[in-house]
> 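I am attaching a structure below and will ask some questions about it afterwards.
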Amino acid sequence: MTAKLDYRWHLREIMATRGMFSTTDLRPLLAERGIDLSPSQTYRLVVERPERLSLKTLMALLDILGCTMNELIEPVAVPRAGRRKTAASGTIEQPGQGPSGVGDFRPKRARIVPE
């Protein structure tokens with residue numbers, strides 16, 4: 001069987017490792033580089049896997065996050081049998097594996113201490 005080429009989009013995970021846990025953190029940084037996206041476009045860029053992406057936006061993301069293209073976009077070979085597309089994220093899941101997420105890169109809970 002021939003493997004189908006696909007990719008994994010790691011923007012959300014990379015943002016989390018950089019301490020950016022909200023899509024609103026990304027908009028002003030993109031605007032500084034001449035990329036003007038609406039709040040919904042920015043949300044979809046972070047949360048979903050883009051099918052079409054301008055090279056200017058891609059270069060701005062690499063500059064903002066200080067990462068390489070291989071870190072942001074991971075090419076994967078998906079065998080034709082056993083593929084399953086998840087409805088929420090549009091990503092391809094391998095059998096026995098869940099969709100990738102931010103995992104341990106969560107913000108720390110604030111602690112309020114009375115004085």
> Answer whether the closest heavy-atom distance between the side chains of Thr57 and Leu45 falls below 4.5 Å.
yes

> Is it true that a side-chain atom of Arg27 and a backbone atom of Leu37 form a donor plus acceptor pair closer than 3.5 Å?
yes

> Can you tell me how far apart CG (Leu72) and CE (Met15) are? Round to the nearest 0.5 Å.
11.0 Å

> Is it true that Leu55 and Leu53 fall in one hydrophobic cluster, defined by side-chain heavy atoms closer than 4.5 Å?
yes

> Where the side chain of Arg33 meets the backbone of Met59, is there a donor-acceptor pair that is under 3.5 Å apart?
no

> Using every non-hydrogen atom in the two residues, find where Ala16 and Phe21 come nearest and quote the distance to one decimal.
O-CZ, 3.7 Å

> Could you check if a side-chain atom of Leu29 sits within less than 4.5 angstrom of a side-chain atom of Ile35, using non-hydrogen atoms only?
no

> With distance as the sole test, does Arg18 use its side chain to make a donor-acceptor pair with the main-chain N or O of Leu65 at under 3.5 Å?
yes

> Which atom names give the shortest non-hydrogen contact between Leu11 and Leu26, and what distance separates them?
CD2-CD2, 4.4 Å

> Closest approach of Thr17 and Ile14, non-hydrogen atoms and distance?
OG1-O, 2.7 Å

> Say you draw a straight line from CG of Leu62 to CD of Glu71; how long is it, rounded to the nearest 0.5 Å?
9.0 Å

> Say you draw a straight line from CZ of Arg44 to CZ of Arg49; how long is it, rounded to the nearest 0.5 Å?
16.0 Å

> Taking the side chain as every heavy atom from C-beta outward, state whether Lys4 and Asp6 have any pair of such atoms under 4.5 Å apart.
no

> Quick check: closest heavy atoms across Met20 and Asp25, and the distance to 0.1 Å?
CA-OD2, 3.7 Å

> Inspect the surroundings of OH in Tyr43 and state if more than 12 heavy atoms from other residues, nucleotides or ligands are less than 6.0 Å away.
no

> Which pair of non-hydrogen atoms, one from Ser38 and one from Gln41, has the smallest distance, and what is that distance?
N-OE1, 2.8 Å

